[in-house]
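Notes to accompany the following structure.
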Amino acid sequence: MKTCIFLPPVRKPTGGVTVLRQIADILHQSGRTACLVARDRTGWRPEGLADAAPVLDWEELSLTPKDIWLVPEGWVNALAPGLEARARCFSYVQNWAYLFSSLPPGVTWARLPASFLTVSEPVAHFVRESTGRDSLILRPGIDRSIFHAPESKPAGKPCIAFMPRKNKSLAAQIRAVFENRNGPDRARWLEIEGMDTYGVAEALRSAHIFLMTGFPEGCPLPPLEAMACGCLPVGFTGLGGWDYMRQAQNKPRFSPWWPVRHVPWSGNGLWCADGDVLDAGLCLEEAVGWIEADATQFDTALKAGQQTADAYSTDMQRENVVRIWEELEK
């Protein structure tokens, strides 16, 4: 049995594409036959990585009924070679928002002989409730050798890091709410944009708070990376974030209505409903107050964040991938 993973035609690696590459590499390094399959010769391909899974061109793809053909959820048409070969086809749902977006007219998931992998418990719940089908959960991982907390944070005003590319206008509204209530000088702001992985980690280590403005999300990595680097995350969850996000507020204004799995860590952030800029601004104000008062809630949340980040390390991702494939091989 070999596993072939569709590599979407992108010019640079996104978070979702990076996870696909990681899965292929983990399977290859575990002694299994695995490869990435590129649709476009001009698209991005992982190069220069030690012991990486091979990358095949689309024309080189050859599948049998015993093989696995894995395609991310936004590329339904790419399932075609696997369906034609009667291979074991999987749609890997990394973001619930794209589950139905690329289905051809008149086609439903019920008509496609494909199974689901999902990136988190909330996404699995979304798939189950919307299609009636269960899925295996394959979570992403962060490199804890890159994303780790510093010995100490910079002194002075609390620093709030954020990523402008994630709902930029909402980030501006949240900042406006915060500054209109607290003045422009109560906190410093740090934009994280145009940086490589190491630059992002360094920037997060220089900040005290990470403002999460992204949604929808399947299992968002930026808040995990922020926790790993010793930041308190505040803001939106994208639905999928509730796989690991837990409320650190004593009286939160928002709580999820869907099932939330048990986890061994306590509250690791101040979370609000997606798009609720007022609540996000108020949560941000509360987080800054914790830092200024040297509150125990802040240290407790940071410790929970470290525990959370450890549970989503690349080592844990590797165990997750191997365990699922052992199940598929039975």
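Note that the numbering runs from 1 along the sequence shown for the chain.
Taking CE from Met163 and CD1 from Ile192, the interatomic distance works out to 5.0 Å, rounded to the nearest 0.5 Å. In this structure, OG1 on Thr64 lies 11.0 Å from CZ on Arg88, to the nearest 0.5 angstrom.
Open room surrounds OH on Tyr98; 12 or fewer heavy atoms of other groups in view lie less than 6.0 Å from it. Heavy-atom neighbours of Arg128 CZ from other residues, nucleotides or ligands within 6.0 Å: above the threshold of 12.
Put simply, the side chain of Thr314 never gets that close to the backbone of Asp143: no donor and acceptor are under 3.5 Å apart.
Between Phe178 and Glu285 the shortest side-chain heavy-atom distance falls below 4.5 Å. You'll find the side chain of Pro222 reaches within 4.5 Å of the side chain of Phe210, heavy atoms only.
Take Arg188 and apply the salt bridge (Lys or Arg N to Asp or Glu O under 4.0 Å) test, not counting sequence neighbours, and it matches no residue. Looking at residues two or more places apart in sequence or on another chain, you find a salt bridge (Lys or Arg N to Asp or Glu O under 4.0 Å) between Asp25 and Arg21.
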Report the C-alpha separation of Leu79 and Val76 in whole Å, then their side-chain angles, then the decisive distance to 0.1 Å, and conclude whether the side-chain contact (heavy atoms from CB on, under 4.5 Å) test is met.
-> CA-CA 6 Å; Leu79 286 169; Val76 175; 4.3 Å; yes

| field | Check against side-chain contact (heavy atoms from CB on, under 4.5 Å), Leu70 and Leu20 | value | CA-CA 9 Å; Leu70 190 154; Leu20 296 176; 4.0 Å; yes

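Contacts classified as side-chain hydrogen bond (donor to acceptor under 3.5 Å, both in side chains) and involving residues 251-260 (residues at least two apart or in different chains) are given here: Arg253-Asp279. Residue pairs meeting the ring-ring contact (aromatic ring centres under 6.0 Å, His included) criterion with at least one partner in residues 56-93, sequence neighbours excluded, are Phe6-Trp58, Phe6-Trp75. Listed by first then second residue, pairs satisfying side-chain hydrogen bond (donor to acceptor under 3.5 Å, both in side chains) with a partner in residues 2-16 read Lys2-Asp67, Thr3-Trp325, not counting sequence neighbours. Each side-chain hydrogen bond (donor to acceptor under 3.5 Å, both in side chains) pair with one or both residues in residues 191-203, not counting sequence neighbours, appears once here: Glu202-Arg205.
Shown here for Ala34 and Ala24, the closest heavy-atom pair between the two residues is CB-O, 3.9 Å. Listed here is the closest heavy atom pair of Trp242 and Arg246: O-NH1, 2.7 Å. Between Leu190 and Cys159, the shortest heavy-atom contact is CB-SG, 3.8 Å.
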